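So you know, we letter chains A, B, ... as the sequences are listed, proteins then strands, and number each from 1. Note that this is a predicted model, so its numbers are computed, not measured.
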Amino acid sequence: GDSVTQMEGPVTLSEEAFLTINCTYTATGYPSLFWYVQYPGEGLQLLLKATKADDKGSNKGFEATYRKETTSFHLEKGSVQVSDSAVYFCALIVIGFQKLVFGTGTRLLVSP
Amino acid sequence: GAGVSQSPSNKVTEKGKDVELRCDPISGHTALYWYRQSLGQGLEFLIYFQGNSAPDKSGLPSDRFSAERTGGSVSTLTIQRTQQEDSAVYLCASSAQGETQYFGPGTRLLVL
């Protein structure tokens, strides 16, 4: 079945450090890929998405590139801020199936 | 415009009681989804409604769970004879057909 694998957390960084959160997927069809973020006490928010191979999604300084050859969608940010502390979820949706399949989430903690 | 809203935000109930959770989707969105977020299982798909089509109930964990969507808008998720393992955050999302899903803040359910 379809699945998403994310790196275990928590990821602990100092402010202005470089961030990478790894995400790989297995899909029976051709998926669209997403990163959602959940800030403390809040609901899930879409951070970025990519719908086809080699697309790069970007938002708020975060980027992720859809790599079909490595079935990956790693999240990166060049310089994290304390306000980026949250749980990040990688997810996929296979066209025709409509339901999002989520990874387990990665907690990011950024200290001043 | 307004986002997805859910009520109540928190619900505490006793084991064996029935609960109803409500979701108001974004106006004009034809698709509505319920997911569950729990410590042991992560984020799981429960049910999907699209327009007037029969819902996709493939994610409902047992026959104690049911959902309806009235008039193509508001949805109610009902859990009968609640069990402690039903304790979780219940998330609703909506989308225009085939487009990105937008999530509500969730209902946190605690079964004592």
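Under 3.5 Å, the side chains of A:Gln98 and B:Gln101 contain no donor-acceptor pair of N or O atoms.
Both B:Leu32 and B:Ile79 are assigned to one and the same hydrophobic cluster, defined by single-linkage of ILVMFWY side chains at heavy-atom distances under 4.5 Å. A:Leu46 is connected to A:Val87 through a chain of hydrophobic side-chain contacts under 4.5 Å among Ile, Leu, Val, Met, Phe, Trp and Tyr, so both are in one cluster. In terms of hydrophobic clustering, with Ile, Leu, Val, Met, Phe, Trp and Tyr side chains grouped at heavy-atom distances under 4.5 Å, B:Val89 and B:Leu21 are assigned to different clusters. Hydrophobic clustering, with ILVMFWY side chains joined whenever heavy atoms are under 4.5 angstrom apart, keeps A:Leu44 apart from B:Tyr90. The cluster map of Ile, Leu, Val, Met, Phe, Trp and Tyr, joined by side-chain heavy atoms under 4.5 Å apart, puts A:Tyr25 and A:Met7 in the same cluster.
When heavy atoms are compared at a cutoff of 4.5 Å, B:Gln50 does not approach chain A at all.
Note that the OH atom of B:Tyr35 and the CZ atom of A:Phe102 stand 5.5 Å from one another [nearest 0.5 Å]. To the nearest 0.5 Å, atom OH of residue B:Tyr48 and atom CG of residue A:Leu100 are 11.5 Å apart. Considering CG of B:Leu43 and OH of A:Tyr36, their distance stands at 10.5 Å, rounded to 0.5 Å. Note: B:Phe103 CZ to A:Gln38 CD = 10.0 Å, rounded to the nearest 0.5 Å. Atom NZ of A:Lys99 is separated from atom CG of B:Leu46 by 10.5 Å, given to the nearest 0.5 angstrom.
In this structure, A:Arg107 places its CZ atom where only 12 or fewer heavy-atom neighbours from other residues, nucleotides or ligands lie under 6.0 Å away.
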